Undergrad: 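After the structure tokens below, expect a handful of questions from me.
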Amino acid sequence: MQYWLMKSEPSTFGIDDLAQAPRRRSHWDGVRNYQVRNMIRDDMKQGDLAFFYHSSCERPGIYGIARIVREAYPDSTAFDRRHAHFDPKSDSAAPTWYMVDVELVTRFATPISLEKLKANAPALDDLIVVKRGNRLSITPVTATQWRKVNALA
DNA sequence: GCCAACGTTGGC
DNA sequence: GCCAACGTTGGC
């Protein structure tokens with residue numbers, strides 16, 4: 001059982017979208033980075049929990065918790081010529097890109113802003129998302145970090 | 001809108 | 001295999 005942090009732009013897909021999805025479940029598609037691909041394909045397991053982070057928005061921060069309900073399977077949007085995430089190099093016989101399914105667990109009554117996460121240094125210094133220049137849309141979170149962030153919520 | 005940071009691409 | 005150019009991300 002591992003912990004994660006999953007980033008998304010709320011203008012594209014935010015925690016409200018997940019809350020309104022049927023059974024509060026959705027694909028997490030569009031991963032087009034090899035490091036992230038490897039993590040979701042090789043390390044992410046059913047039952048893992050993840051912080052739902054909003055980026056590129058007015059108040060970046062952690063808005064709630066989601067659970068991995070389906071492990072990695074081929075990301076069909078990579079094969080869809082009309083899709084924004086279409087990847088002509090991806091072969092359906094040997095898929096390059098994978099996605100998982102997530103289910104909303106909790107929406108925080110008060111989101112934990114990036115500002116607040118940073119204010120809790122050094123305890124959360126190593127939380128990858130607060131690091132400058134981090135561009136990975138999914139990052140691992142240690143059990144200690146998980147506990148500390150939850151204590152802030 | 002700016003810009004730093006980073007991943008990817010492609011010429012050599 | 002190197003590395004400059006380019007595109008993207010994401011906070012501010």
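All values derive from a computational prediction rather than experimental measurement. Letters go in sequence order (proteins before strands), and every chain restarts at 1.
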Undergrad: Choose from C:dG11, B:dG7, C:dG10 the nucleotide whose nearest atom is closest to any side-chain atom of A:K118.
TA: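 Ranking C:dG11, B:dG7, C:dG10 by closest atom to the A:K118 side chain puts C:dG11 first.
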Undergrad: Looking at A:S55, does any N or O in its side chain come under 4.0 Å of the phosphate oxygens OP1/OP2 on C:dG10?
TA: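 Checking A:S55 against C:dG10: at least one side-chain N or O falls below 4.0 Å of OP1 or OP2.
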Undergrad: Once you round it to whole Å, what is the distance between C1' of B:dA5 and NZ of A:K7?
TA: 11 Å
Undergrad: Side chains of A:M99 and A:T77, heavy atoms from C-beta outward: is any pair under 4.5 Å?
TA: no
Undergrad: How long is the line joining CD1 of A:I62 and P of C:dG10, in whole Å?
TA: 14 Å
Undergrad: Round to the nearest Å and state the distance from A:I138 atom CD1 to C:dG10 atom C1'.
TA: 17 Å
Undergrad: Rounded off to whole Å, could you give me the CG-to-C1' distance for the A:L5 and C:dG10 pair?
TA: 14 Å
Undergrad: Using a cut-off of less than 4.0 Å, is there contact between a side-chain N or O of A:Y53 and OP1 or OP2 of C:dG11?
TA: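 Looking at the OP1 and OP2 atoms of C:dG11, one of them is under 4.0 Å from a side-chain N or O of A:Y53.
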Undergrad: Do the side chains of A:F52 and A:V102 get nearer than 4.5 Å, heavy atoms only?
TA: no
Undergrad: Ignoring the backbone of A:S56, work out which of C:dG10, C:dC12, B:dG7 is nearest its side chain.
TA: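 Given the options C:dG10, C:dC12, B:dG7, the side chain of A:S56 is closest to C:dG10.
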Undergrad: Mind calculating the distance between CZ (A:R59) and P (C:dG10) to the nearest angstrom?
TA: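 Rounding to the nearest Å, CZ of A:R59 and P of C:dG10 are 18 Å apart.
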Undergrad: Quick check against the 3.5 Å criterion: does A:K7 have a side-chain atom that pairs as donor or acceptor with the backbone of A:L136?
TA: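 Present.
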Undergrad: Sequence neighbours excluded and cut-off under 3.5 Å, please list the side-chain donor-acceptor pairs for residues 8-19 of chain A, or say none.
TA:
unit_1: A:S8; atom_1: OG; unit_2: A:F13; atom_2: O; d: 2.5
unit_1: A:D16; atom_1: OD1; unit_2: A:R107; atom_2: NH1; d: 2.4
unit_1: A:D17; atom_1: OD2; unit_2: A:G14; atom_2: N; d: 2.7

Undergrad: Suppose we screen for side chain to side chain contact (heavy atoms under 4.5 Å, CB included). Which residues come up paired with A:R70, at least two apart in sequence or across chains?
TA: A:Y73, A:D101
Undergrad: What nucleotide among B:dG7, B:dT8, C:dC12 has an atom nearest to a side-chain atom of A:L114?
TA: C:dC12
Undergrad: In whole Å, I'd like the distance from the CD atom of A:Q35 to the C1' atom of C:dT9.
TA: 14 Å
Undergrad: Choose from C:dG10, B:dG7, C:dG11 the nucleotide whose nearest atom is closest to any side-chain atom of A:E9.
TA: C:dG10
Undergrad: Quick one: A:E115 CD to C:dC12 P, roughly how many Å, whole number?
TA: 8 Å
Undergrad: To the nearest Å, give me how far apart CZ (A:R37) and P (B:dT8) are.
TA: 10 Å
